[in-house]
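Below you'll find the structure, written out as structure tokens, and then a few comments.
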Amino acid sequence: MTKIRLNILALSVALVAGSVSLAGAEPLKVTIGMPAPITGPSANFGDSMVKGAQIAIDQEKNMQVVLNVQDDACDAQQGVNAVNKLITDKVDIVIGFHCSGAALPSLPLLNRARIPVIVSQALHPSITEQGFPGVFRTISTTAQEAPAAVKILSDQWGAKSFALIHDNTAVQKNLLQQKVQLLKDKGGDVVYQTAITPSTTEFGVNVAKIMSLNPDAVFLVLYYPEAAQMTKQLIAAGYKGKILQCVAGVDPNFIKIAGEKVAEQTSFVTQPVTSQFAAAKPFIEAYEAKFNERPGVLAAYTYDAVNVGLAAIHTAGSTDFDKVVAALKAYSGAGVTGKIEFDAKGQLKTGVFTRLVVRNGDFVEP
Amino acid sequence: MLLQLCITGLVLGAFYALIAVGYTVIYGTVRLLNFAHGDMYMLGAFVGFTALMMVPGSPASILPIVAGITATVVAIAFAGFVVRVVLERIDSKNDVFSPIIAAVGISLVFQNSALHIWGTKPLAFPVQLEQDFTKPLITLAVALLMILAVDLWVSRSRFGMAMRAVGIDHNAVRLMGIRVDRVLYVTFAVFSAIAGVTGFLAGAYYGSIQFSMGFLLGLKGFTAAVLGGIGNVRGALLGGFLLGMIEAFGGGAFGTNWTDVIVFSCLIFVLLVKPTGILGETVVERM
Amino acid sequence: MRSRQFPIWIFLAIVAIAIPVSGNGYYLSVGTTVLIFAVLAVGLNVVLGYAGLLDLGYVAFFAIGSYVTAMLLYYTELPFLLAFILSGITAGLFGMLVGAPTLRLRTDYLAIVTIGFGEIVRIVATNLDITGGPTGLYGLRQPVVGSYTITEPIAYYWIALGMLMVGLSFSAMIRRTKLGAAWAYIRYDEEVAQAVGINPFLVKLSAYGLGAIWGGFAGSIYVVSVGAISPTSFTFGQSLLIVMSVVLGGQGSLLGVVVGTLCVIAIPEAFRAAESWRLLGFGIALIALMLWRPTGLIRDRFKVDAPSNPAQSGVPSVTTGARHAEG
């Protein structure tokens, strides 16, 4: 009799212990809200953002993750609507944003809703400068790009006089202003600084001015269509100085529009693109296997952002705002884009920039 | 620098003049601005692009270029014809604005169709003019020849007379036995085709084309037509080149981000001071 | 109110009240956007629907009003109500300035000039640093009315709805005045109207000016509801959307304008479908409308069909008063 009772007791204890541990091991359910430009001019960036995130989610083993994508159409009003939808849908964390214009007005809303945010592709410094406690970013900003560009222009090339042109869009103008400041601080002479209208193809006026002022170097803070045109026209006019492009110039179509001969005569300062990170190879392979196309130039940054977000939630053990934010603040790890650590304002500490050139129709290290 | 600015002004002027001619003659015949004219320019560039890509052999040789231009002319002439057919059905309705709003609708349809067919990203044009001093010269020569041809046609030929007569009084012309509808079909077709070829030229000149290229150019082409005197072919020529110069030198003086403001302010200014334009043509209030 | 329209108004009113009551943040946000657009459409309706002026750059006044309020909130400590009033006045002044030379022109000229003006405003706002340049201004302080600071999105919804109600009532009322009648007459036949002593230019200017002031007020409310401003919100495309709301819904008809706004803004938002398909659809819709139903979906009760375009006959005839059967 005693033996049976003992056995029953043992069995019940085992059962209770088993069910308790089972309850504790139940996977955490996490919903990631992703505001991305699905329509509009930046649609291809939004598309690769979503796909990059998907790869990270597929690889996540510890938690059940759901992705809720909302279109911000790269517009402030639509961005606010998209974020409101995410807040109403009660997402646990927001990861994404490509257009700074859509991100900036949305951040106060997310702050009030106490949802942590990891920005993965938008570059305007104000996103983290504003100092919202729950906002982090896994990509370097224009504030970090400027010093890298200036290093190339002044130190590497030894240029003393400069012409800078932007296209009157928010991030580009900001980048240009930072660079101008830095160049002036170094004693450089900014002889020509102006803006062009996007979508124009005739740059004769700018070329004329540059030829007459003849600066040592020209920095084009333009998207690839205008950058390619302007570079082509400058070189055709006989400009002999150095020409530097910014991140937005890095696109295969630049080479097509400017022509290989012209493209080989200019350099690009940029965050490394996905294909350059050695650590990104498995990511690229997984992406190609699943989607049958190469990942977009910024997809790796979103991939890292999702991994960082999920890791922080895992460390925190819950989706509670304070715990997750604390985990993010303390985060230190290696993503495929490099070391990821955040400063006091939530900005990625180490901004990595490099100079690329065009050889054999592709962007490579010089 | 002055020389460079002049050349830029002339090249811009050539394109503006070519577009302005279309606006001005169509206005002269139907007393309405063809809102979709700028899109004919854009479509010409894209149709040309596709035609060039489809013809086998290196795009830069004679056969593909001729084929490309021919395809452009035919396609855009047809597009212009279609536009006129649609507008014709609307003209007989009540409102003065219906044809204008319909033209805006047509413009939207063309632009967004182009967007879906060819994508949002700028495309590299397969044929590009040699990057040297011959570029502006060739462009200017082509533009001047085309406009001269148009001027002769409109002022000397019988068809030209028919066009001008239609512009004065539809009913009287009908009574005299001229098929007004046919005259208008041809007018729209021909001038749309001219805009289309201008688009092809722009593709070859600049090397890249984009679905939005027609919008701003259309507005500036209209401005040039008004500047020179609407309804007047030589006015279009003059207005086009003048506007090109204003844009080049204005951009040089004030900065290239102000050029569009300068151009549109010019438009408002001209309408304020001399609405008939430099060479003049009556702008009758006909509400 | 005509009995056929009444039930539709009731339905709209129910929807309008259900949204804030539901507490759904997303619907509230979209609802506020739709309401502000409707306010703009009501303003354009006076210009286009009543007075027959084809303004394709109406967004300019919206932009002017928005920027005036944004700059005052950003750079000064002036109270919001003052900024609101100044926004309307400034927009109205610009309306007069632009209207004076251009309202004497033909419809198609007016159309292109108004597009040009819209572009000028947008480009100037993008170029100047004081307007925040391409980034715009953000983090604007919230309006304070009395001792009450307006922070909740739901408050903005009610404000926008209130503004729409005011706009609708004002439009209905002004239509019945002598000025309203004058607008209808010049639209019908300007020469005859002139013969009976109406000054077409002043009458048109009053419509244009009123529309401008109204657009300015709408801009002021818009800015505080978003808390930020950027020049990318004020493109030609936006002007087109407002024009479409008025034209599609029914020029002149107030119910039409509201329904038109719903069709143009709310439905695509509900599907969040690709923007370019939407524009393509609109282009086709405009053409179809002009071919078969140029007056728009909802018939304007007061409207009398204008005579056939005198330009067609080439000769200004004495009998231009000929009416066509309504259809």
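Below, all heavy atoms of this structure are taken into account, side chains as well, without hydrogens, waters or symmetry copies.
Interface residue B:Leu33: backbone and side-chain heavy atoms are both found under 4.5 Å from chain C. Of the two parts of B:Phe35, only the side chain, counted from C-beta on, holds a non-hydrogen atom closer than 4.5 Å to a non-hydrogen atom of chain C. Both the backbone and the side chain of B:Ser265 come within contact range of chain C, judged by heavy atoms closer than 4.5 Å. For B:Ile106, the parts lying near chain C are the backbone and the side chain together; criterion is any non-hydrogen pair under 4.5 Å. Residue contact with chain B, scored on non-hydrogen atoms closer than 4.5 Å, involves the side chain of C:Ile115 exclusively. With a 4.5 angstrom heavy-atom cutoff, C:Val124 touches chain B via backbone and side-chain atoms both.
B:Leu87 CG to C:Met290 CE: the interatomic distance, rounded to the nearest 0.5 Å, is 12.0 Å.
Between B:Ile100 and the choices C:Leu110, C:Ile112, C:Leu54, the side-chain contact (heavy atoms from CB on, under 4.5 Å) rule is met once, by C:Leu54.
The closest side-chain heavy-atom distance from B:Ile268 to C:Ile120 is below 4.5 Å. A heavy-atom distance below 4.5 Å is not found between the side chains of C:Leu286 and B:Val109.
Pairing each heavy atom of C:Asn127 with each of B:Asn257, the nearest pair is ND2-O, 2.9 Å. Here the shortest heavy-atom pairing between B:Ser113 and C:Leu280 reads OG-CD1, 3.6 Å.
Among residues at least two apart or in separate chains, there is no ring pair (Phe, Tyr, Trp, His ring centres under 6.0 Å) pair with a member in residues 248-277 of chain B.
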